[in-house]
Structure formats: structure tokens, C-alpha cells
Amino acid sequence: MLAYSLKKLLQLVVTTIGVVTLVFFAMRLIPGDAAAAMAGDTLSGAALERLREQMGLNEPLFVQFWNFLRNLLIFDLGRTMTTNLPVSDLIKSAAPITLSIALATIVLAIAIAIPLGTMAAYMAHKGHKTLDNLITGLAMIIALMPSFWTALVFLLIFSLTLGWFPASGAISWDDPYSVMMRLALPILVLSMSQVAILSRMTRTAVLDVLSEDYVRTARAMGWSELRVLFRHALKNAALPIVTVVGLSFGNLLNGTVIVEAIFTIPGIGTVLINGINSRDYQLVQVLMIFYALLFVFINFATDILYRALDPRVKF
Amino acid sequence: MTKSKKTKAMILLSASYLALTIPAVLIAPGNAMATGPGKTLNIRFYDDPAGFDPTNIFRIENENIAFNIFSGLTSYDSQTAAIIPDLAESWHSDDNIVWTFNLRRGVQWHHGYGEFTAADVLYTFERNMDPETASPYVSRLANVVSVEAPDDYTVIITLNGPDGNFLHTVANYHQGMIVNREAILDAGQDVRWRPVGTGPFYLDDLDVNSYIILKRHEDYFRGPAPIETLNFRIIKDEQTATIALRNGEVDVVMRSNRQQNIDTLREAGFKLNRTDDLFPSVRIFNLDHPVLSDVRVRQAFAYAIDYPTIINAVTPDIYGTASSILMPWMDVYCDDIPTYSYDPDKARALLEEAGYGAGFTIRQLSAASGGVPPDVQFEMDFLAQVGIDLQLELVDAPTFNQRRNSGEFELAGRGIPAINPDMVLFAYLHPDNKAPAGLNGARYHNPELTALLEGAQAEVDPEKRLEMYCEVQRIAMTDLPYQPIRTWNAFWPSAPNVTGVTVNMLSQVNYFEVDIE
């Protein structure tokens, strides 16, 4: 386990350096820079050049890269180029929001999708095709609905027509109720596609194991169908489901970008998009490291869960 | 813990979460952000705030915050765009070279920074012109020779040469906003987020991803504003902003640009708070291009497109028809200039005469953010009918800005927001400002126009000055380095009980004039 953790740590360092280098140079390959994005229509020529100078964009590329790496080594994330605010402050305020959305979405999706998928598998196994087709068909339709569209439809229904949820507003952790109200719609929208994917995955995985000998043995021992399904079949089908949940969590962090924009949620996706649009190299580079760390951590957590679910798994 | 207990614990955990979330979701009563005592106006803010330091402030939405925090020596009347007194009670100049400003007494800075005096004006000029500040607006003060303060309430500014439009330079906009030395030094490197002014509101709180809160300056020299708190909520998506207004989550939508949203709000009985002809949008012809260097080709573009029909069909509210690069409300605007009504036969004849009767292909640089709007598709169709194959080169906004500013295009479009006519005429027509050094993206240079322009700026006699500006506009509209294609109308829709929302010609709203009934 220790060796495995060290290996993961090393992987993290290599991944981070790779991501930072790639993002650093890729961002600078894109035409336009932070000064041009910030000035918009207003400036050109000497005035724009003065702004560029002030933002440190005229330094040689490798000097900029070295400065960034050197500051990283002393855990100085720097200040954004466009707002001159500490990057760490932006991440501290935005990350909890996005992580809460992603976590709640996954929990909600698991709570709905796993029973649904298991039930669909059971129906298929027993030859009740109608219900199985209904569940899988519905899941397919939901999976095909783009989240930006669903988000707008939900806004129109739940916010404008029914007035249940606000479409905008600040997120203050001092007021958990208002946070819940603000995040409910984005969580519902994001969990829909996750339910669709996870339920289909669960159905396939459970269906595979329902014909196994140990399931037949469990039934022969007179255990109830529910116990057979959830204790024997589902548990043995859990590995692929856990893999998908791990991947989904990673994807969700990307998926929140559009939904955050529509629901005006000041999460990490919003910060990232703002950073890219304004060519705020410093901000985007740090956020990429944040994402890299998070992905490596998710992979690590998924591996640990494998071990918990199946003792035969060795690291 | 046994395995079955673990499973039960997991199920319980999930169930608890759902038990907490779902009921809260279902019994949700609606919106409403907690408000303190006094009136609170919730306003949709449409982009990321980028700071409010006047020496380095950009974009209309940031300028709108600063406009309500700072004051200038002069300001603008919201309705007419006329210059009005602000921190200066009065002024005079006999020759448009030496300008004497008499300052108000007893004006208080925000946050207890004391009384405003002439020393603050001196410091503001000094800071604007300090190379360390690196203000992009320093060029607007290039004509300033000296700024003196004979006493605490008098400022004398001497210019290098006469400038009849100098009162615009000291207005409450960019370099004209007066700052306080002590506050600037106290703010250190956070200066753009700790603005201290003498305006009707001060910055109380801010989250750059979420909100900006301004509070009423109780000691404002015109008296306290009717609204106590301005809560700017960042809502980028205009559709969401429209829903937020309809839901009562915001009272004012800062800028609504889509016809569909305006129609919806109009039908629902909201105030639209419309200001027409805010600024023109133009097509920039790169005159270094062999085809576009021929004035007949440029005029053919102008005759080929039926703009009134396009505007009526697609965006009857958002756009107006444009016939000049200056707006009719500007004091030097002239309507005795060449105009180009839709005449495809004339366009074809001009192209034939120029040797392009068989047509040609030309590329227009465009920002891809909104895709290809329907009105541009119509333009392409109209041009195709006279043989011009207009192709769009779609790039993202920062790339677009960079390439347009450096002049890397054949054709490009841009809005020309300005309140000072010189900011349009000098910036876009004077050869000193040819791209990439300046905003003259057409690389236009007509010595006759340049001489007239310089002469007009220096002229003291108002009638002679106006006639010279008229001649400048006639030449510009004949040579057509920039083709006016439309004017922008501003809409800041609000709830019916909100009064006084007037978008001035700088696209600013003075919240001192706004109230909730």
C-alpha cells in the first residue's frame, strides 16, 4: 500500500509538471493575450503596449515560465493577471461550490441510478421486457439531452413558472438553506445525465452476474430476491460501477462549466472559463494544476475502493 | 463493523442526504436575498469585474461602477449628454488654452478621508501622467503643460495648444476621475479593488465571481441618494438575467441586447429604459488592401446593402440606421454630409468603373462568440447580389481584439463608443493614430481632412469650429474609410416600480437619479 501511494505521488508530480508545461505553452500559442482581452475595444498601439508591459507579458517566455515554476515551489500561486487578486483566494471561494455540486450530484445519481439499473437488470433477467425497455429507453433519452438545454428548460419551469428556485443570487455558506436552494437546480440537471449513464451501466453489470453460479446458489439457499439482488449480484457487479462513478466525478467537474454559467454559479468552472476568455495565463495554469491534483486523487480513491470491494485486488 | 452494517451505514448516509436535499428543494419558497434597512436595488451585472482604478479601467460595466464612485471636475447630463458641473462649480477659458476651475467646498471623500481640495486634482493629474502608473489614458493628457493650484479651491490647467473639447478630458470618465492620494497609498497593490471617491456611492463589498455591493455615501455633496444599497449580481447569460428580472430577483438588467428578451419583457409590462443612438458600429476598410484602397469599391459596399430593411426584419429595437461616424446628439454633428441609400445598380456601376465588375472575394474578421448573426447573413446576401463575396473569418474575442487592434484584417467591424467627438475623429481619422500605433484601423490619411481636424480643435469661434467639423465629416463620408452600418440602442430593462434609469451617452447609469417607488 505504501509503495502504491508513493507511486501515485510520483505520478502526481509528473502529471502536474506535464500539465503545467503543456498549458503554459499552449495558452501562449493562442492568438490574443490578457492585455488585448482586458482592453477590448478601448486601446491599441502604445497604450496597449503599456498595459502589456504592466502585466509582465513582455518578459521572455522562458523567464515567465521559470518565474511561475519558482513561485509554485514556494507555494506562491501568484495573482491573476486581469484582476490582480490572489489566485488562491479565488480557488478557495470557488472550489467548495463546484465540489459540493459534483459530490451532491454523484450521491443523488447513485441513489437513483443503482436501484433503477438493478431493477432493469432483474426485469430483463426475468423476461419482463417492457419495464426494462422503458427504463433503458428513458435513460437513453435523458443521456442524449444536452445539459445546457436541460438547464434552460429547468430554469423556465422551476424558477420562472413555479417560482420554486432562484435563477441567480450570491452563495453564502452562512446560510445553508439559501445555498441548497441555489444549488438544487444545477444538481438536478447534472444528476439527470449521470443517472442515465449509471443506471445503464448498473443494468449491464448486474445482468452479467445474475446468471452466475453463486447467484443461483444464493437463490437455492432460499434467500429473498431482494437479498440476492443487492447482496450478491450488485456487490459482485460493483467494480465496473465504481469505475464509472470515478470517471463521472471527473467528468462532472468539467460538466459544471456550462451549467454554472447558465445558473450563474460562481464555481471553479466559471473561474476557469473567465480565465481562458481573458487569457489570464496565471489563473488558468494554477487551475489546471488544481484539476490535475483532483483527478489523480479521484483515481487514487477509486483504486482504494476497488480494494475495499474486492480483497483479491492487489496494488 | 460487519459488512452488512457497513452497507446499512452507506444506505443511511445516502438517505440522509436525500432527506435533507429533496424536501428543501420541494418546499422552496422562491428567491429574495436578505436585505438590510433602506432601499436595495438589485442589478444584473453582465461580466466579470476587472477593477475600478480610473487610471487602468476598461469596459463599460466596470466604468459604470466607477462612474458612481468617483467624480470629475465636470460630468454629463444623463438626458442630453451636455457637460455639467461636478467637483468644479464653474470654469472659464478665454482662449481654450488656460482653463480655470472653481471647486466646490465641503466635498467629502468616502471612508472619512477628509475634504476634497485642489491638491487632489493635482495628485490625480500627476498620477495619471506618472510612467509608473502606466495608464493607457495618459495620451489624452498629452496637451497638458501644467496644473496649478493657487489655493485649495482653484485649479488652473494650461494646455500646449487650444482645445475646445477639453471639458470632456476632465469629465467623470477614465483619466478625469479624481482620486485621493492617501487612499491610493493605503490600498497599495489592491488599488483597483479599493476605490475611494467623492461620488454618491462607495464600494462596500465584492466577490469578483459573484457580486459587487455599493452603499450610499451619506455625505455626498448633492445629498444622499434615494437608494441605500446597490447590489450588482453577476449574471452573464442574458436569458437567465431576463428570468431573474421576471422573478423579481433583480430590479434592473444592465444591458439587454437580444430582441427576443426585449419583446418578452415588453409584453410582460417591464420598463425597457431605452436610449437610442448610443454609438455607431462601422465596417473598417483596410486601405492598404489593393481592392479596398479604391474609394469606388468602398462606396459600392455602402450602396449595396439595404440596412433599414435588415434592421426592421431582424432587430428593430436593438439597432438604428447610421449615416455618420458621429451621433446626432454630439454638439459638432453635421447632417449635411453624403449618405448612401440602398441602390444596387449604383453599387454595380461603381464596381464596374473600378474594374471589379466580375466581382471579388473579401474576408471580414469577426468575433465568433455570437456565431454569425442573422443581420450579417443578410449583409452577405446583399453583397453577393452585386458580386462581392464576403467571407467571415471567425475567431474568439481576445484574438479578434488583438488582430483588429494591430490591423491584421481586410475588413473588420467595431463599435465606436465615445462622447467626445475628438475621440472618434482624431482616433480613427488622424494619420498619427494609424494601426498598429492607434485606432485608425483603416490606415486612413487625407492631408486636407487632417488639417481641418487640427484646425477645428484649436478654433475658439464656435461657428467656425462647427463648420470645420462639418467639412471633416463630409470628407470622411465621401472617402468612406469607415462605413457606418448601424447605431446601437441601449436597453436596461427594469421592474415597473424602478424610476430614473437613464442610460447616458457613455452607456452609464447615474444611480443617484434612480429610485424605487
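Below, chains carry the letters A, B, ... as their sequence lines are ordered, and counting in each starts from 1.
Contact count versus chain B (heavy atoms, under 4.5 Å) is highest, among V271(A), L160(A), T264(A), for L160(A). When each of V191(B), T240(B), D237(B), D190(B) is scored by its heavy-atom pairs under 4.5 Å with chain A, the top score falls to T240(B). Between chain A and the options Q189(B), R246(B), K434(B), R44(B), heavy-atom pairs under 4.5 Å are most frequent for Q189(B). Chosen from I234(B), N209(B), V208(B), D47(B), the residue pairing most often with chain A at heavy-atom distances under 4.5 Å is N209(B). Taking chain B as the reference chain and counting heavy-atom pairs below 4.5 Å, the highest number among P266(A), G267(A), S93(A) is found for P266(A).
Of the atoms belonging to R79(A), it is side-chain heavy atoms, and not backbone ones, that fall under 4.5 Å from chain B. In this structure, no portion of L183(A) lies under 4.5 Å from any heavy atom of chain B. If you measure heavy-atom distances from S159(A) to chain B, the contacts under 4.5 Å come from both the backbone and the side chain. For chain A, the nearby part of P49(B) is the backbone; its heavy atoms alone come within less than 4.5 Å. With a 4.5 Å cut-off on non-hydrogen atoms, D207(B) touches chain A through its side chain but not through its backbone.
A donor-acceptor contact closer than 3.5 angstrom is absent between the side chains of Q175(B) and N128(B). Using modelled atom types, one finds no donor on one side chain facing an acceptor on the other under 3.5 Å when comparing N420(B) with Y173(B). Judged purely by distance below 3.5 Å, without hydrogens or angles, the side chains of Y482(B) and N440(B) pair a donor atom with an acceptor atom. No hydrogens or angles considered: nothing links the side chains of E238(B) and Y46(B) as a donor-acceptor pair under 3.5 Å.
Smallest separation of non-hydrogen atoms from I57(B) and G51(B): CG1-O, 3.7 Å.
Under 4.0 Å is where a charged nitrogen must lie from a carboxylate oxygen, and between D53(B) and R194(B) no such pair does.
Using cut-offs of 30° and 60° on the angle between ring planes, the pair Y137(B) and F58(B) is tilted.
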